[in-house]
2 protein chains.
Amino acid sequence: MIEEENLEMLSDFYRTMGDLTRLRILDLLRRERMCVYKIAMELNMTQSAISHQLQYLRQMDFVRTEKIGKQVFYELADDHIEKMILLGYEHIKEAHNDPKN
Amino acid sequence: MIEEENLEMLSDFYRTMGDLTRLRILDLLRRERMCVYKIAMELNMTQSAISHQLQYLRQMDFVRTEKIGKQVFYELADDHIEKMILLGYEHIKEAHNDPKN
DNA sequence: TGAATATATGAACAAACGATCATATATAAG
DNA sequence: CTTATATATGATCGTTTGTTCATATATTCA
């Protein structure tokens, strides 16, 4: 049994990855660090929508930033993030091949 | 880069764990299989609220059921679920000790 | 069969969420 | 200094989500 406080942090953590736009952003950043407008271009979404989600991801410590001139580059905050994405990915692929257990 | 279709499945998967009530239920079921009213008791929530979330978890293949008499016992659908919970748990514990990378 | 118990489910409602729009801030370029 | 570019942010709005309430279904027991 996981302590209540940690369960709350855990659900916050998973909820952050439980949105397609945010997951798309994180998946992009696995490839390379990227500035805001480039992310928006790649995902074909408005700068504002992306910027809002990036603030969310930053508050949740999923990404970190480096400002260079006018641009702000975003990158994954640490290796765990990519690891969690890939583990979930492995899971759904297995689950799909192997419907029950 | 993960294919769009799989990213969608992945965000659905994480969104399922991104709710405190559902995560509490899953964490309970790690311990033992349990019938609905017992889950409701343990979590101090109404039978209806629990039942709705259990249907959700069932549709997402997080749990499976066995009906015995009047009772319906729920258990984790497979080992991956517990693994994913524990991995997330490890992650947040590390992240907390080790704020930046 | 009728009452009691366990679970499921549909409708309703409030709260949370995500995108958009308008605009603010900051830096660079002319 | 003014304009253009990149990003951030607050307000708004429609949608989704989670709980509640009322009720339906199913099974056991008297």
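Fair warning: this is a prediction, and the values are worked out from it, not measured in the lab. Chain letters run A, B, ... following the sequence lines, proteins first, then strands; residues in each count from 1.
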With a non-hydrogen cut-off below 4.0 angstrom, is [X] in contact with a base, only sugar-phosphate, or nothing?
X       : value
B:Gln47 : base
A:Thr46 : sugar-phosphate
A:Tyr74 : sugar-phosphate

Could you tell me how far apart [X] ([atom1]) and [N] ([atom2]) are, to the nearest whole angstrom?
X       : N      : atom1 : atom2 : value
B:Ile68 : C:dT7  : CD1   : P     : 11 Å
B:Gln59 : C:dA8  : CD    : C1'   : 12 Å
B:Leu23 : D:dT17 : CG    : C1'   : 17 Å
A:Asp19 : D:dT15 : CG    : P     : 17 Å
B:Phe73 : D:dT27 : CZ    : C1'   : 14 Å
A:Gln71 : D:dA8  : CD    : P     : 11 Å
A:Leu54 : C:dG18 : CG    : P     : 14 Å
B:Lys70 : C:dA8  : NZ    : C1'   : 16 Å

Between [N] and [X], is there an OP1 or OP2 to side-chain N/O distance shorter than 4.0 Å?
X       : N      : value
A:Ser48 : C:dA19 : no
B:Arg22 : D:dG18 : yes
B:Gln55 : C:dA8  : yes
A:Arg15 : D:dT17 : no
B:Gln53 : D:dT19 : yes
A:Tyr56 : C:dA19 : no

With the side chain of A:Met45 defined as its heavy atoms from C-beta on, choose the nearest nucleotide among C:dA19, C:dA8, D:dT20.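 Of the candidates, C:dA19 comes closest.
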Would you list the pairs meeting salt bridge (charged side-chain N to carboxylate O under 4.0 Å, His left out) in which at least one residue belongs to residues 33-53 of chain B, sequence neighbours left out?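 Applying salt bridge (charged side-chain N to carboxylate O under 4.0 Å, His left out) to every pair that reaches into residues 33-53 of chain B, excluding sequence neighbours, yields B:Arg31-B:Glu42, B:Glu32-B:Lys38, B:Arg33-B:Glu66.
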Please name the pair of heavy atoms, one in B:Ile2 and one in A:Asp27, separated by the smallest distance, quoted to 0.1 Å.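 What the structure gives for the nearest pair is N-OD2, 3.0 Å.
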Cation over ring, A:Arg22 on A:Tyr56, under 6.0 Å and within 45°?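 The answer is yes, since A:Arg22 meets both limits relative to A:Tyr56.
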Between A:Leu28 and B:Met1, is there a side-chain heavy-atom distance shorter than 4.5 Å?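 B:Met1 reaches A:Leu28 side chain to side chain.
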Which label fits B:His91 and A:Phe13: parallel for a plane angle under 30°, tilted from 30 to 60°, or perpendicular past 60°?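 Because their plane-to-plane angle lies in the 30° to 60° range, the rings of B:His91 and A:Phe13 count as tilted.
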Taking for each residue the nucleotide of DNA chain C bearing the nearest heavy atom, is the 5' side occupied by B:Ala49 or by A:Lys67?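 Going by which nucleotide is closer to the 5' end, it is B:Ala49.
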Aromatic stack A:His52/D:dT9: centroid gap under 5.5 Å, interplanar angle under 30°: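 Yes; centroid distance and tilt both under limits.
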